[in-house]
Amino acid sequence: MTINVLINGAKGRMGGEAVKAVGQDPACRVAGQTDREDNLPRVLAELRPDVVVDFTQPDAAYPNALAIIQAGGRPVIGTTGLTEEQIAHLTALCAEKKLGGLIAPNFAIGAVLMMRFSAEAARHLPHVEIIELHHDQKIEAPSGTAIKTAQMIQAARPVPPPPKVREVELSPGARGTAEYSVPIHSVRLPGHVAHQEVIFGGLSERLTIRHDSIHRESFMPGVVLSVKKVMETDRLVYGLEHFL
Ligand code: NAP
């Protein structure tokens, strides 16, 4: 059976790559392409796609996902910026409708491994900070990948080590932000795609786990895999690791 896939955000950088990658896979067909000017609920009602891949922008991800699930489509959401509450609600909606789905802050296989290795390292080296680096067109900070990494580190290292000193920030934000008790520093520069360093400090030792996406095609094997996997499951999951 061919999987009919609608790509939402198809005129964007990630959406354009997804159109190419999904279109090249023999098991899939690009049934439609939508972007900002289209009426998503109307197109969903007309095309009835099996799967909808969404690469739009943070404030659109939640209403788009609601529309997709409402129409009986299986969401593959790459757009970042969904809150924990929104993810919980979308998970419950998919469970109710017995729909497979995925929300993935990062579709690169290497990035998923970076997150997994970081969680493992945090069990033994609890002092850790994250530096994430992205292109200068990225709207939100910190990145979804950094937040997910921090969440996985917290789950592996439930008690963060207490600070050694009472820190004073001479400029607000100098020590970055903190998600799940892990400091995150966000860099936005031209010449970058998506990169992250997870730095662990121990007694006279340092461990750095680094991942670099040097082209957006790095995310596409994960996208195509997810399109197929959501057809085989009846619940929504958060993180590509569930499909590896
Ligand atoms: P982009 O180049 O700006 O593309 C986004 C596209 O979506 C644009 O064409 C935009 O139109 C359109 N759009 C905006 N709001 C929309 C809506 N409500 N309905 C339909 N289309 C809408 O951005 P990008 O670099 O492709 O990134 C897209 C998202 O993917 C971001 O959230 C980014 O953080 C995320 N991302 C995820 C991964 C991952 O592996 N999960 C990897 C890279 C990026 P306009 O140009 O008119 O605004």
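Indexing begins at 1, ligand by ligand and atom by atom, following the structure's order.
Counted by atom type alone, Q137 and R188 present zero donor-acceptor pairs between their side chains at under 3.5 Å. Side-chain atoms of E132 and H134 include a donor-acceptor pair closer than 3.5 Å. For the residue pair E140 / T80, a side-chain donor-acceptor distance below 3.5 Å is found, with atom types taken as modelled.
Comparing R36, E140, R216 by heavy-atom distance to atom 19 (N) of ligand 1, the nearest is R36. In the candidate list I139, T56, D54, T56 is nearest to atom 5 (C) of ligand 1, counting heavy atoms.
Side-chain contact between V5 and R29: absent, with no pair of heavy atoms (C-beta onward) separated by less than 4.5 Å. Looking at D54 and P75, their side chains never come closer than 4.5 Å, going by heavy atoms from C-beta outward. Contact annotation: the side chain of L102 never approaches that of H242 to less than 4.5 Å [non-hydrogen atoms, C-beta and beyond]. The side-chain heavy atoms of V51 and N4, taken from C-beta on, include no pair separated by under 4.5 Å.
Taking atom 40 (O) of ligand 1 as the reference point, the nearest protein heavy-atom neighbour is F107 N, 2.8 Å. From the protein, the heavy atom lying nearest to atom 30 (O) of ligand 1 is F55 CD2, 3.4 Å. In this structure, the protein non-hydrogen atom closest to atom 27 (O) of ligand 1 is M14 CG, 4.0 Å. The protein atom (non-hydrogen) at minimum distance from atom 4 (O) of ligand 1 is G12 CA, 3.2 Å. Of all protein heavy atoms, the one lying nearest to atom 33 (C) of ligand 1 is T80 OG1, 3.9 Å. Protein heavy atom nearest atom 20 (C) of ligand 1, with residue, atom name and distance: D35 C, 3.3 Å. Nearest to atom 18 (N) of ligand 1 among the protein's heavy atoms is A60 CB, 3.2 Å.
Counting the atoms of ligand 1 from 1 in the order shown, those under 4.0 Å from a heavy atom of K11 are 9 (O).
Remark: ligand 1 and G78 share an N or O pair separated by less than 3.5 Å (distance only, no angle test). For the pair R13 and ligand 1, the shortest N or O to N or O distance falls below 3.5 Å. Residue A104 has at least one N or O atom closer than 3.5 Å to an N or O atom of ligand 1. The shortest N/O to N/O separation between P105 and ligand 1 falls below 3.5 Å.
Ion pairing between a basic and an acidic side chain is recognised when a charged N comes within 4.0 Å of a carboxylate O; E96 and R235 show no such pairing. In summary, K228 and D25 engage in a salt bridge, as defined by a charged side-chain N under 4.0 Å from a carboxylate O.
For atom 46 (O) of ligand 1, the nearest protein heavy atom lies 4.0 Å or farther away.
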